[in-house]
Amino acid sequence: MNRKLKSFSVLLLSLLMLASCKDSDSTPDPRHDWQSRNAQWFTEVYDAAKASIAQAKAQYPNGDDWEQHCDWRLYKTLLKSQDVGGVSTDYIVCKINQQGKDVKKPGDEDLWSAAYTDSVRLYYRAWIMDENYPESKTNMTVFSQSYYGDFDETKVAPIAMPVISTVEGFMTALQYMVKGDDWDVYIPQQLAYKENASDYVPAYSTLLYRIRIESIHKSGTGLSEWR
């Protein structure tokens, strides 16, 4: 009897140790609640940009004077009506790092903003939210880029792409940018890849791009030689 009891005790102890090992080996999913955390990130950026714009408009109420005193912009996707406000996720959030030329004169068509039928040459780097967000709000994960290391336009070449080939939020940004513009563009998941995932971008990801426009090429004119 004692022998059977001893054997049962050893078996029970082994099962408990196995369970303990499984518990200690399990690690939390770093992308848990990914959709809602990405939505939270975009909402925070959107609200901050909206507040900054409102403050600038209050201080400089004449026409578009506020734009000279505020680096933030909110642009509604061009695939939806511009006549109604819409919800926050209908918009991209843009921070202007550098403004290019916006001189719309005959013969200077390359200085105009792009249409969806046009092509552009640009530099970009793209990030998704850090897995530790919101604990780490400054570190982002690069998922795509057209250059490596620090940006130096004398050492890197821009890539060419049709405006219409990009995701909805990126396409909207390009149609507001002009030659020489350098913007940070925050794109909500609804205007990015939505429920679609890839090897580098999980489904329902908010995207952050830094876009630098080298040149804009109107539809039907082809791409001129770079430099």
Side-chain angles (χ1 to χ4, degrees), residues 30-60 64 66-82 84-100 113-114 122-146 151 163 166-178 181-198 200-213:
R31 290 178 176 170
H32 72 281
D33 205 17
W34 187 254
Q35 182 174 359
S36 62
R37 288 197 294 136
N38 273 267
Q40 175 191 346
W41 176 33
F42 181 78
T43 297
E44 290 175 357
V45 175
Y46 176 89
D47 288 345
K50 188 175 182 179
S52 182
I53 292 170
Q55 182 179 7
K57 286 183 175 180
Q59 289 181 302
Y60 306 95
D64 295 329
W66 68 272
E67 293 184 351
Q68 301 176 29
H69 305 276
C70 181
D71 295 331
W72 292 96
R73 303 288 187 272
L74 298 175
Y75 294 121
K76 188 178 182 184
T77 170
L78 292 172
L79 297 185
K80 290 191 176 182
S81 171
Q82 304 297 301
V84 294
V87 297
S88 62
T89 51
D90 289 337
Y91 291 78
I92 57 172
V93 178
C94 305
K95 184 178 184 296
I96 300 173
N97 302 310
Q98 175 182 301
Q99 286 187 314
S113 55
L122 55 80
Y123 312 90
Y124 80 90
R125 181 167 285 159
W127 297 263
I128 56 174
M129 183 181 74
D130 188 88
E131 293 174 347
N132 295 317
Y133 187 92
E135 291 79 8
S136 174
K137 292 188 177 182
T138 56
N139 295 325
M140 297 288 148
T141 301
V142 174
F143 72 86
S144 184
Q145 56 194 340
S146 66
F151 176 73
V163 172
T166 62
V167 296
E168 187 173 347
F170 197 114
M171 181 173 64
T172 295
L174 292 182
Q175 291 179 80
Y176 281 101
M177 301 180 75
V178 299
D181 273 345
D182 176 349
W183 291 9
D184 291 335
V185 180
Y186 296 82
I187 303 175
Q189 52 194 261
Q190 291 83 352
L191 304 183
Y193 297 109
K194 304 176 183 176
E195 71 278 5
N196 300 309
S198 70
Y200 305 104
V201 182
Y204 304 109
S205 292
T206 293
L207 309 181
L208 167 59
Y209 282 89
R210 183 162 188 175
I211 306 171
R212 298 172 169 91
I213 300 294

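Everything numeric here is computed off the predicted structure, so don't read it as measured data. Numbering of residues begins at 1 and proceeds along the displayed sequence.
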Would you compute the distance between atom [atom1] of [X] and atom [atom2] of [Y] and round it to the nearest 0.5 angstrom?
| X | Y | atom1 | atom2 | value |
| --- | --- | --- | --- | --- |
| D33 | Y204 | CG | OH | 13.0 Å |
| W41 | S36 | CH2 | OG | 14.5 Å |
| T141 | L208 | OG1 | CG | 11.5 Å |
| T206 | Q35 | OG1 | CD | 10.0 Å |
| L122 | D182 | CG | CG | 11.5 Å |

Let's go through L207 and Y186 carefully: what are the C-alpha distance in whole Å and the side-chain angles of both, what is the deciding distance for side-chain contact (heavy atoms from CB on, under 4.5 Å) to 0.1 Å, and is it a yes or a no? CA-CA 6 Å; L207 309 181; Y186 296 82; over 6 Å; no

Under 3.5 Å, side chain of [X] to main-chain N/O of [Y], donor-acceptor pair present?
| X | Y | value |
| --- | --- | --- |
| Q82 | T77 | yes |
| T166 | M171 | yes |
| T43 | A39 | yes |

What are the two closest heavy atoms between [X] and [Y], and how far apart are they?
| X | Y | result |
| --- | --- | --- |
| V178 | I213 | O-CB, 3.5 Å |
| I187 | G169 | CD1-C, 3.7 Å |
| W183 | A173 | CZ3-O, 4.2 Å |
| E168 | Q190 | OE1-O, 4.5 Å |
| M140 | M129 | SD-CA, 3.8 Å |
| A203 | E195 | CB-O, 3.2 Å |

Within the 4.5 Å heavy-atom criterion, are [X] and [Y] side-chain neighbours or not?
| X | Y | result |
| --- | --- | --- |
| N97 | R210 | yes |
| Y176 | S113 | no |
| Q189 | F42 | no |
| R31 | I128 | yes |
| Q59 | H69 | no |
| L79 | L191 | no |

For atom NZ of K76, decide whether the heavy atoms of other residues, nucleotides or ligands shown that lie under 6.0 angstrom number more than 12.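 For K76, atom NZ is crowded (more than 12 foreign heavy atoms under 6.0 Å).
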
In chain order, what residues pass the side-chain contact (heavy atoms from CB on, under 4.5 Å) check against Y200, with sequence neighbours excluded? F143, S198

Charged N-O contact under 4.0 Å between D181 and R212: no

Let me know which of W34, W127, Y193 forms a side chain to side chain donor-acceptor pair (under 3.5 Å) with S205.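 It is W34, the one option of W34, W127, Y193 that forms the side chain to side chain donor-acceptor pair (under 3.5 Å) with S205.
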
For C94 and W72, what are the C-alpha separation, side-chain angles and deciding distance, and is it a side-chain contact (heavy atoms from CB on, under 4.5 Å)? CA-CA 6 Å; C94 305; W72 292 96; over 6 Å; no

Return the orientation label for the Y209 and Y124 ring planes: parallel under 30°, perpendicular over 60°, tilted otherwise. tilted

Donor-acceptor contacts, no H, no angles, side chain residues 85-92, under 3.5 Å, sequence neighbours left out:
unit_1, atom_1, unit_2, atom_2, d
D90, OD1, K80, NZ, 2.8
D90, OD2, V87, N, 3.1
Y91, OH, G85, O, 2.4

Could you point out which residue of I96, V93, V185 forms a side chain to side chain contact (heavy atoms under 4.5 Å, CB included) with R73? I96

